[in-house]
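Since the structure comes first, as structure tokens, the remarks are kept for the end.
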2 protein chains.
Amino acid sequence: MTDIKTPPHGASKLTANPLFLRDEELRQAIEMLFFAYRDFTGVADEILADYGFGRAHHRAIYFIGRHPGMTVSELLRILRITKQSLNRVLGQLIEEGYVSQQQGVQDRRQRLLRLTEKGRALEERLSAAQQSLIAGAFREVGAESVDGFRKVLLGIMGNEGDRERFERLQSPRR
Amino acid sequence: MTDIKTPPHGASKLTANPLFLRDEELRQAIEMLFFAYRDFTGVADEILADYGFGRAHHRAIYFIGRHPGMTVSELLRILRITKQSLNRVLGQLIEEGYVSQQQGVQDRRQRLLRLTEKGRALEERLSAAQQSLIAGAFREVGAESVDGFRKVLLGIMGNEGDRERFERLQSPRR
DNA sequence: GCATATAAGTCAACATGACTGACATAAAAA
DNA sequence: TTTTTATGTCAGTCATGTTGACTTATATGC
């Protein structure tokens, strides 16, 4: 097109081109999300392996623990998987005594889900591992950074309904 | 144990117990990471479906695009999967003309990986989708929040080697 | 009260992307 | 020359997702 060389793809940082910085900033963010998420799930995966469970079991345990008495449909909507997929893991969790089902009162078609004591123990073990990872990161940075982290994650969530799950917390007085 | 009722699990927020706030803060962080990551990968998954590819292909394309001329071993180390797993997706990408291999010069056992033009086009389409999601979130919040987001993600990454991938960028002058 | 919709569960078949283990080839390094 | 390394391949398994068809119990609308 012109004589001016189009910087092919990785324009040098020395050019201090704002567009490049922006691109690089976004690429780094994508990559950081990948690495951080890998390690974040990794600490739970190690524990799950002891029980012969996978991430799917973890997600079910997590949300049931978070919302005791939730229905199967609600869990399906959160996880965004099919009933058949969920049933495999949920069936295992119930059979092995980690989750209990209880018929709904107003609507007796519903099967309300709860963690058993055994399920609660596993949930706590898993959460403790992930919380200690997050807590370590939170401790290294300031409260403002933690707040920035939350804000960005909320911004990434496309779904308004998901966003509403997160009421603003008061910052703990440190 | 004692007469004092142990708050069963979800101590009320009204108690304003700092320990509860901390626990709730960490639980929210875990959940936000889950939802944000789901949406973040979701925008790419939609595009990948057009090509009959999955996330595994995306990761390979992403890192090859990011590090042109990288070896298969390097890619394996980053992805932390087995050679056999990688070979399936890499084989497809090569066969369908998204990735090229080139024998190493110093070490002729190596097969240096690069995106073809077709591969580059796909990579850009995928990155554009994820970047626009991230960029939207970055735009909504301040530069300090973006910085906090980065710091926390770095803190979550356990591996020092991973952390070193991310040089500090100058903030673009907004 | 009957028709329809909804909540939950089940059977079967299939795809993807991980894994292990064993082995082959070429080239580098000791 | 022997050993190690980089890559690739065959074969089998597992976890987790999918679609489609169908059942049962219960709620809800007309």
Side-chain angles (χ1 to χ4, degrees), chain A residues 34 37-38 41-42 44-64 69-96 99-114, chain B residues 34 37-38 41-42 44-64 69-96 99-114:
Chain A
F34 170 74
Y37 198 77
R38 189 184 60 183
T41 51
D45 290 346
E46 284 173 32
I47 296 167
L48 290 160
D50 290 354
Y51 296 76
F53 291 151
R55 272 185 210 175
H57 301 87
H58 185 187
R59 290 193 286 266
I61 285 175
Y62 179 82
F63 285 107
I64 295 169
M70 80 189 308
T71 67
V72 174
S73 308
E74 281 162 5
L75 187 53
L76 284 173
R77 267 193 295 276
I78 290 179
L79 297 178
R80 287 194 201 159
I81 57 173
T82 59
K83 196 173 40 168
Q84 297 91 323
S85 284
L86 177 61
N87 243 26
R88 188 162 29 205
V89 301
L90 196 53
Q92 269 180 277
L93 290 173
I94 290 165
E95 200 183 327
E96 298 183 29
V99 170
S100 71
Q101 279 181 315
Q102 188 192 345
Q103 195 169 48
V105 191
Q106 288 102 18
D107 188 336
R108 289 182 312 179
R109 289 172 305 180
Q110 296 177 336
R111 299 286 174 273
L112 309 182
L113 303 170
R114 283 193 169 74
Chain B
F34 170 75
Y37 198 78
R38 189 185 59 182
T41 52
D45 289 347
E46 283 173 33
I47 296 166
L48 289 161
D50 289 354
Y51 295 76
F53 291 151
R55 273 185 209 176
H57 301 86
H58 185 187
R59 290 194 287 266
I61 285 175
Y62 179 83
F63 285 107
I64 294 169
M70 81 190 306
T71 66
V72 174
S73 309
E74 281 162 4
L75 186 53
L76 284 173
R77 267 193 297 276
I78 290 179
L79 297 179
R80 287 196 201 156
I81 56 172
T82 58
K83 193 174 41 169
Q84 296 92 322
S85 288
L86 177 60
N87 243 28
R88 185 167 27 205
V89 300
L90 197 52
Q92 269 180 278
L93 291 173
I94 290 165
E95 199 181 328
E96 299 183 29
V99 170
S100 71
Q101 280 181 316
Q102 186 192 347
Q103 193 167 49
V105 192
Q106 289 102 16
D107 187 336
R108 289 181 312 177
R109 288 172 304 179
Q110 296 176 336
R111 300 285 174 271
L112 308 182
L113 303 170
R114 285 195 166 72

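What you see below is based on every heavy atom in this structure, not just the backbone, and it leaves out hydrogens, waters and symmetry mates. Below, chain A is the first sequence line, B the second, and so on; all start at residue 1.
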| request: Take atom CD of B:E95 as the centre, draw a 6.0 Å sphere, and report whether it contains more than 12 heavy atoms from other residues, nucleotides or ligands. | output: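 No, CD of B:E95 has 12 or fewer neighbouring heavy atoms, counting only those of other groups under 6.0 Å.
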Quickly work out the [X] [atom1] to [N] [atom2] distance and round it to whole Å.
X: A:Q106; N: C:dT6; atom1: CD; atom2: P; answer: 19 Å
X: A:L112; N: C:dG9; atom1: CG; atom2: P; answer: 11 Å
X: A:I61; N: D:dT16; atom1: CD1; atom2: P; answer: 11 Å
X: B:L90; N: D:dT9; atom1: CG; atom2: C1'; answer: 14 Å
X: B:D45; N: C:dT16; atom1: CG; atom2: P; answer: 13 Å
X: B:D107; N: D:dT4; atom1: CG; atom2: C1'; answer: 12 Å
X: B:Q110; N: D:dG8; atom1: CD; atom2: C1'; answer: 15 Å
X: B:L76; N: D:dA6; atom1: CG; atom2: C1'; answer: 10 Å

| message | Checking side-chain polar atoms at under 3.5 Å, does A:R111 have a donor or acceptor matched by the opposite partner on A:T71? | response |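 On atom types as modelled, these side chains do not qualify, holding no pair under 3.5 Å.
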| message | Please evaluate residues A:Y51 and A:H58 with respect to the criterion side-chain contact (heavy atoms from CB on, under 4.5 Å), reporting the C-alpha separation (whole Å), side-chain torsions for both, the decisive distance (0.1 Å), and the verdict. | response | CA-CA 11 Å; A:Y51 296 76; A:H58 185 187; over 6 Å; no
| task | With the side chain of B:T71 defined as its heavy atoms from C-beta on, choose the nearest nucleotide among C:dA28, D:dT7, C:dA8. | result |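 So the nucleotide nearest the side chain must be D:dT7.
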| Among the nucleotides C:dA28, D:dA27, C:dA8, which one has an atom lying closest to any side-chain atom of B:R108? |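 Nearest to the side-chain atoms of B:R108, counting from C-beta on, is C:dA28.
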| task | Give one of base, sugar-phosphate or nothing for A:E74, where a contact means two heavy atoms less than 4.0 Å apart. | result |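 Answer is nothing: A:E74 stays at 4.0 Å or more from every strand.
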| task | Using the test side chain to side chain donor-acceptor pair (under 3.5 Å), find all partners of B:H57 that sit at least two apart in sequence or belong to another chain. | result |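 B:H57: side chain to side chain donor-acceptor pair (under 3.5 Å) contacts with B:Q92.
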| message | side-chain contact (heavy atoms from CB on, under 4.5 Å), that's the test. Do A:D45 and A:R55 meet it? Break it down for me. | response | CA-CA 7 Å; A:D45 290 346; A:R55 272 185 210 175; 2.8 Å; yes
| request: Please tell me which of A:G52 and A:R111 maps to the more 5' nucleotide of DNA chain D, matching each residue to the nucleotide holding its nearest heavy atom. | output: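 The residue whose closest nucleotide sits nearer the 5' end is A:G52.
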| said: Under the criterion side-chain contact (heavy atoms from CB on, under 4.5 Å), I'd like the reasoning laid out for B:F53 against B:L93: C-alpha separation, chi angles, the key distance, then a yes or no. | reply: CA-CA 9 Å; B:F53 291 151; B:L93 291 173; 3.8 Å; yes
| note | Readout for nucleotides 17-25 of chain C: B = base within 4.0 Å of protein heavy atom, S = sugar-phosphate only, - = neither; 5' to 3' it is BBBBBB---
| Distance test, side-chain N/O of A:Q103 to OP1/OP2 of D:dA25, below 4.0 Å |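 Indeed not, no polar side-chain atom of A:Q103 lies that close.
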| query | Would you say D:dT7 has OP1 or OP2 under 4.0 Å from some side-chain N or O of B:N87? | reply |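 Indeed not, no polar side-chain atom of B:N87 lies that close.
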| message | Should the side chain of B:R109 and the base of D:dT7 be counted as holding a donor-acceptor pair, with the cut-off at 3.5 Å? | response |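 No pair found.
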| Do B:I64 and B:L90 have side chains that get closer than 4.5 Å, going by heavy atoms? |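 When only atoms from C-beta onward are counted, B:L90 and B:I64 do touch, with a gap below 4.5 Å.
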